[in-house]
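Keep in mind that the numbers below use all heavy atoms, side chains included, and drop hydrogens, waters and symmetry copies. Within every chain, numbering begins at 1; the chains are lettered A, B, ... in the order of the sequence lines, protein sequences first and strands thereafter. A quick note: this is a predicted structure, and the numbers were derived from the prediction, not measured.
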Protein chains: 2
Amino acid sequence: MKPSVVMIEPNGHFCDDCAVRGAAVCSSLNAAELREFEHLGRRVHFGAGDTVFSEEDITTSFYNVLEGVMRLYKLLPDGRRQIVGFALPGDFLGMNLSGRHNFSADAIGVVTVCQFAKALFTRFIEDRPQLLRRINELAIRELSQARDHMVLLGRRSADEKVATFLLGWRERQVAIKGLSDTVPLPMSRQDIADYLGLTIETVSRTFTKLERQGVIEIIHGGISLLDPARVEAMAAA
Amino acid sequence: MKPSVVMIEPNGHFCDDCAVRGAAVCSSLNAAELREFEHLGRRVHFGAGDTVFSEEDITTSFYNVLEGVMRLYKLLPDGRRQIVGFALPGDFLGMNLSGRHNFSADAIGVVTVCQFAKALFTRFIEDRPQLLRRINELAIRELSQARDHMVLLGRRSADEKVATFLLGWRERQVAIKGLSDTVPLPMSRQDIADYLGLTIETVSRTFTKLERQGVIEIIHGGISLLDPARVEAMAAA
DNA sequence: ACCCAAATTTGATCTGAGTCAATCGGCTTG
DNA sequence: CAAGCCGATTGACTCAGATCAAATTTGGGT
């Protein structure tokens, strides 16, 4: 694990030009609060493959993803990996009860986060129930996604998993780029496999099978959905 | 699906003798608040197999489990089922963003819940950040459990799944009955299979295998851990 | 453009868990 | 107390996806 190459921007009034201001945790704050809030966080950049935090680390910061994609994962002692989710701009990371992150987070490609010192952030929340309510909403949304993913992991076939993944990923891109049949896949095949509870070979084979069936086209850095309806049919099963 | 056989107790001051008062969502309230709070909820009883709420139902109530065990699950269109968790006394159910429950909940055996009308409860929370904070804690705890379960579903073998389940279930009983090597299993083999992403046959075979190895003993209504250390070794793997 | 390392794809084979099909056992019911 | 039922167990066989092993492609650096 190489050390994180980190760049920290000078602190300042940067919420104004923040891409996720409307979607993120910050959307619950009014102008005055936001002014106070922006002094708590600082933008931090990570390079491809950098680890932002690790499973066993004591939580000292919370993170608001501003840009890029992160993989969130847990490892078994023998090295098996399960990716429990991908974090996109607007996602808020670091909440836990144990005082430790209970999963690890790597940057996939370049990532920018807004990093908050845990203590300061916790104090700031204390008399801002709106912010707490917003955080709670995000947690509940994640919980719902987690349950959906359990169904996928426990009860779906490889074909269904891959089809569901493509549609789900496309859906998440909507917020960022609008609906498109071209689905960019910044993560590796291994990441996809570890997210779906499959091997890299099965993911690869499934992609090629779908391509031969004319349902998708494997393009540089992603997948093009030639027949979205058929992908949906495969996912529903 | 048979109609729920429901008994509603007369409303009144019953928080005093509530078994979960210390553990549940209510633990965040002071005496005065609790007095007010108890008028919001009513105890409701369910019989074995009754459905408390269904996945597609519009959420009109929140539930605090007081007694018994519930299975929480999602169904695929073709009938495949994934149990996403079991609810025990102290668990709080019903939070969601969509306005619908996104999983179904059945009573396993007799269950008592404290049922709250959503609107009243939501209003009550509004100026009680303590309660909101408590609910948020429960959500975060569940999220952590959900991620652990994803690892189990996606990356563990049948043996590991069963061993992990037995230890996890034993652990949850601790809060109720203290640590014991006798693990009561109120749910059916099918429930266990649907929780672990296995078939009933595989669960059954794994139990018998463990019993033949002298690691567990299959007893009426549960399992006795003859060699807990070995079960732990199997679960860690 | 060329080289190397890493990622991906493809092929051949294996196996853990699923499927299909009897029993078995314990509980309820008449 | 026998019959019937339902959940659980057991056995035989199958198969989806894993594993092992090469190619092949891609991409970054010079």
Check ion pair A:R147-B:E142 (N to O, under 4.0 angstrom): yes
Spacing between B:R156 atom CZ and D:dA18 atom P, to the nearest angstrom: 17 Å
Spacing between A:E211 atom CD and C:dT9 atom P, to the nearest angstrom: 9 Å
Candidate pair B:R172 and B:D91, rule salt bridge (Lys or Arg N to Asp or Glu O under 4.0 Å), full reasoning: CA-CA 12 Å; B:R172 292 193 67 183; B:D91 286 337; 2.9 Å; yes
Centroid-centroid distance, A:Y63 to A:F116, less than 6.0 Å: no
base_contact_polar (D:dC6 base, B:Q190 side chain, donor-acceptor, <3.5 Å): no
Nearest-angstrom distance from the residue atom CD1 of A:I192 to P of C:dT9: 9 Å
Sugar-phosphate, base or nothing in reach of B:S204, heavy atoms under 4.0 Å: base
Phosphate-side-chain proximity, B:T199 and C:dA17, N/O vs OP1/OP2 below 4.0 Å: no
Any B:T208 side-chain N or O less than 4.0 Å from OP1/OP2 of D:dT10: yes
Lys/Arg cation over aromatic B:Y73: B:R81, 6.0 Å, 45° cone: yes
Touch class at under 4.0 angstrom, heavy-atom based, for A:G197 against every strand present: sugar-phosphate
Spacing of B:L153 atom CG relative to C:dG16 atom P, expressed in whole Å: 20 Å
Separation of D:dA8 P from B:L210 CG (nearest whole Å): 17 Å
Rounded distance (Å) that lies between atom P of D:dC6 and atom CG of B:D191: 17 Å
Salt-bridge present (B:R43, B:D17; N to O < 4.0 Å): yes
Whole angstrom value for the distance that separates C1' of C:dG18 from CG of B:L196: 15 Å
Closest-nucleotide ordering on DNA chain D, the 5'-leading residue of A:H220 and A:E201: A:E201
Integer-rounded Å distance: C:dA17 C1' and B:I200 CD1: 15 Å
side-chain N/O A:S188 vs C:dA7 OP1/OP2, d < 4.0 Å: no
Pairwise 5' ranking along DNA chain D for A:R205 and A:G221, keeping only the more 5' one: A:R205
Position toward the 5' end of DNA chain C (nearest nucleotide), A:R155 or A:I218: A:I218
